[in-house]
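Since the structure comes first, as structure tokens, the remarks are kept for the end.
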Amino acid sequence: MRRYNPKELEPKWQKKWEEQQLYAAYENPDKPKRYVLEYFPYPSGSAMHVGHVRNYTIGDAIARFYRMRGHNVLHPMGWDAFGLPAENYAIKNNISPHQAIEENTTRFKHQLTQMGFSYDWDREINSSDPTYYKWTQWMFLLLFKKGLAYQKESLQWWCETDKTVLANEQVEAGKCWRCGNEVTKKSLNQWFFKITDYADRLIDDLEGLDWSESIKSMQRNWIGRSHGAEISFPVQDSDEVIDVFTTRPDTLFGATFMVLAPEHPLVKKLTTRDQKSNVDAYIKQAQAKSDVERQDTDREKTGVFTGAFAINPINDEPIPIWIADYVVYGYGTGAIMAVPGHDERDFAFAKKFDIPVRFVIEPTYGEKQGDETFKKSVFVVVRNPKDNTVIVLDWGPRQERHGGNMLIGGGVEDSEDYVTAAKREIAEETGYTNFKLVKESEFLGHGYFYSNTKHKNMQVSGRGLLFDLVDDTRGDTALDEGEKEKFKVTWQPIDKVASELDDGIHEAMYRYLVLDEPYTGEGVMVNSGEYDGKSSEQAREQIVSGLEKKKIAKSKLQYKIRDWLISRQRYWGAPIPIIHCGSCGPVPVPEDQLPVKLPEVETYQPTGDGKSPLARVSSFLKTDCPGCDGPAERETDTMDGFACSSWYFLRFADPHNDDQPFDPSMAKFWLPVDDYIGGAEHAVMHLLYARMWTKVLYDEGYISFDEPFKALRNQGMILAPDGRKMSKSWDNVIAPDDLIDKGYGADSIRLMELFIGPWDQSASWSIEGLGGVYRFLQRTWTLTQEYLASKKSDEEVHAAAETKESLQRLLHKTIHKVSEDLQNMSFNTAIAAMMEYVNQLYKLKAAQSGFVPTDAWQETLSTLAKLLAPFAPHIAEELWQELGNEASIHLEAWPSYDPKLLVEDTVTIVVQVNGKVRANIDASADANKQDIIEQAKTHERVQAHLEGKEPKKTVVVPGRLVNFVI
RNA sequence: GGCGCGGUGGUGGAAUUGGUAGACACGCUAGUCUUAGGAACUAGUGCCGCAAGGUGUGAGAGUUCGAGUCUCUCCCGCGCCACCA
């Protein structure tokens, strides 16, 4: 009998498939199309490990499944060869990028081939090839002509290690996405793509996409749209105006100062003579801080007064203008109106610099019912400074409009002031008598609730007061017997209380009195002139529309996303197709002169002087202006590698086109991508850029869809067996090549990648687990070989109808399960189902001591091979052909199942007594309820638990269970 | 702090509309066979218990004949964002 030897049979089939062009994609309109795409790799590392391989295994299983189901599948592969990853690899290994790409793509392609992935290699693309980047440059010119590419001198992220500027998206927590070193800022003249023009569409169109919620939210987060208003504050005794952006125009009356970012251009103009030295010193100090330092939220607020004042346009009040580094220049207008009463940062700043705080919104909580009885009230916190605890009244479980954890509270009598009332309430409700007033809230709180003691709807409005316990002298409470039981007096640690309080007013008061936090929520307007009494939501609209008429304010959407900076001061990228002419300015390279080829150079190392190495190549640099024929210079920066990957999925539809980036009819045929598979690391880089370019092409009429990737599948990471990320520095990298060498074979690796757990969850690689799936393949192999051996012995076989039927039932059940699971991408359970199936086949074989009848076994084993084909294509093909088939299994139709064979004649019914399983009985599938109940009752274990009693109630779920309730 | 995703044996993980919790695999235990090898095969394996039985899906409550699954409260872990006005 032949031994299972993947080392021999896998390369054999890989070669045959290649010769037969088995996986070539054709535009056949008779079949439904399916475009399955995995992120194309940077050929940057020395090799791929089993973590990378998972991505392609998932894609290949999907591609093969749909191919067998009669779809016209496009499953291409290429190389993201331009850009930092590839060039840094070359620098590190001291070779030219050309050579690095050549070597790495060869190695990667070999790795992919030996894994047996079904790519149409005829469509292979390489983004560093002139036939490709010609069209990347064409795309640049398209953006340029649309006014979506522009040049600007500005301060940008600069990576000193990689010696280039970076886009915002490419800086993660102040570190370069490639080398992980801290970035600095540098001012250079740079090219940008105007992605901000697409911000709204990039957010809104997420809605209809089949993407994970987490990626969508990352993109929304990144684009950072917030709704608010821009308001102009005139500067006192000056013609200057300070514009601010705020999401809370309703707090305008509470603005008691303004803050400009230290970099704000108005700072120099506004600063008065006597403040100049302070301001200059502060600016200098702010500049010295790294951006990472500046973003540290826990830092204490710093800032200085400019000496100037602005006029609050809503009430003409002069308010001081400060500068502080908690205001960032890049967002909004780089200036804010500061409302310390209703913003935590402004509050902290105001406290530190003794700036007045004005409260203009009072918290409200609860629904107003309309029939409330009004009561002037107090909300009282009693603190024990000795152990930092406070009194919380526990009114029992929180019900709809009463109960829960509360502060001390109560009504204020006509003869009392707030303090007197509060003292009385403390004594009455808790018995404590010796305490002193510490703080009283300047604002009121308004609560609407149902009083459980008075049995009616109440409105309470009043102040919050904080008392410190002097000693724990405690007299009797003044409660009726009935009242006493309604709540308990408890002492709780100070820092735990706020979120436990069940009433919004109590919480707001507590936060202000004890935690020193301002009120940032919604509420009712006060100290706001004509807006007093309105809700803050209402006032927000009305204040803006009122000022809008006077042209002082306008409602505005503000975004965090910045334009995409695409210039790179590096050699290894697509040259930006622009010529700078002294008289014509920046002129696009005429389309017929594309590509602007990357010149061969002796040294390509980045210079670090803010210019790309191309600036040293005079033959490249010097050219004639296409406009006026005068002497001119080429742009020497290259494009961000992410530009190349922003349209590659389109090129796969028509990879050899010399006249266009792609034929629109081809794009129309294949796109959008149906299944896009890759890691989550591109959430806000590639995926955002590619969506933008797609929208540009859509707007220009080149394509008929405006989202490139219908479904996005982010596979989970494969970790090393030690649970850490695979990395050379940890020395825990597992390469598929080694496993293949050891004899496991690509099929086992592929199976393991999927069986290890749900495809979208990360998992640690397990060599023992790999042994498990290998054993499964071997068992499948041996079963088939034994069958073939018995067939050849030419014995007379007796077709036992009963066995045939059980084989068929088992088979159709398995087809059903594997098909459903594949459809739902439940690869791990699909594989489990096949394992179970093979285990059962072994048992059946043993039970009948051999393979009878032959024809049913032939069908069983051939179909098993088909089910295995998307996962383990080599062994599936080998067994298929050994079973006597000529054509490739991968051209076969996916097996279908007969629903009739899924229905069992007899079913196992669970018998429960009081919900606990007591017995299993077998009953025919169509038995009626009464029969089943009778049958269940007679079971001895059931009888023991029924104890001779008649069930109070009997629940029957047909075909599943009987439950007797006694 | 905000948003998103999770929590099931020794381990990775299974469980249609609520209906036998732990499929499948790893590991472990015992056995069979063997050129005694980290092979193959057979049986067992949530926990407590000799057993009958009890108990069990992060914790607590609720709905239900019945809850891993639904509702509420809380705890823990991971990811992303965060002085963004």
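Here is how names work: the chains are called A, B, and so on, in the same order as the sequence lines, proteins then strands, and each is numbered from 1. Every value quoted in this text rests on a predicted model; they were computed, and no experiment measured them. All values below were derived from every heavy atom in this structure, side-chain atoms included, with hydrogens, water molecules and symmetry-related copies excluded.
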Original post:
Under 4.0 Å between a Lys/Arg side-chain N and an Asp/Glu carboxylate O for A:E169 and A:R562?
Top reply: no
Original post:
How many Å lie between CE on A:M717 and C1' on B:C80, as a whole number?
Top reply: 13 Å
Original post:
So what's B:C83 paired with, Watson-Crick or G-U wobble, going by both distances under 3.5 Å?
Top reply: none
Original post:
Reckon A:R918 has a side-chain N or O less than 4.0 Å from the OP1 or OP2 of B:G66?
Top reply: no
**OP:** May I ask you to verify if any side-chain N or O of A:N963 is less than 4.0 angstrom from the OP1 or OP2 atom of B:U64?
**Re:** no
Subject >> Distance, C1' atom - from B:U11 to B:U16, rounded to whole angstrom >> reply: 28 Å
Subject >> Nearest-nucleotide comparison on RNA chain B, the residue closer to the 5′ end among A:M835 and A:K953 >> reply: A:M835
Original post:
Within the structure shown, what part of the strands sits under 4.0 Å from A:S766 by heavy-atom distance: base, sugar-phosphate, or nothing?
Top reply: nothing
Subject >> Partner nucleotide of B:C28 by Watson-Crick or wobble geometry (both distances under 3.5 Å) >> reply: B:G44
Original post:
So, is A:S212 close to the B:G4 phosphate, meaning a side-chain N or O under 4.0 Å from OP1 or OP2?
Top reply: no
**OP:** Would you please confirm or rule out a distance under 4.0 Å between OP1 or OP2 of B:A39 and any side-chain N or O of A:R775?
**Re:** no
Original post:
Does the ring of A:Y519 carry A:R511 above it, NZ/CZ under 6.0 angstrom from centre and within 45° of its axis?
Top reply: no
Original post:
What's the closest nucleotide to the A:M218 side chain, out of B:U20, B:C80, B:C83?
Top reply: B:C80
Original post:
Watson-Crick or G-U wobble partner for B:G77, using a 3.5 Å limit on both distances?
Top reply: B:C5
Subject >> Side-chain donor/acceptor contact of A:N221 with base of B:C81 under 3.5 Å >> reply: no
Original post:
So what does A:D346 hit on the nucleic acid, given a heavy-atom distance under 4.0 Å: a base, only sugar-phosphate, or nothing?
Top reply: nothing
Subject >> Under-4.0 Å side-chain N/O to phosphate OP1/OP2 contact, A:N828 with B:A14 >> reply: yes
Subject >> Candidate nucleotides B:A21, B:A23, B:G19, ranked by approach to the side chain of A:V955 - the nearest >> reply: B:G19
Original post:
Using purine N1 to pyrimidine N3 plus N6-O4 or O6-N4 for Watson-Crick, or N1-O2 and O6-N3 for G-U wobble, each under 3.5 Å, what pairs with B:C72?
Top reply: B:G60
Original post:
Who is the Watson-Crick or G-U wobble partner of B:A67, with both distances under 3.5 Å?
Top reply: none
**OP:** Tell me whether the OP1 or OP2 atom of B:A85 has a side-chain N or O from A:Y331 closer than 4.0 Å.
**Re:** yes
Subject >> Presence of A:Q761 side-chain N/O under 4.0 Å of B:G13 phosphate oxygens OP1/OP2 >> reply: yes
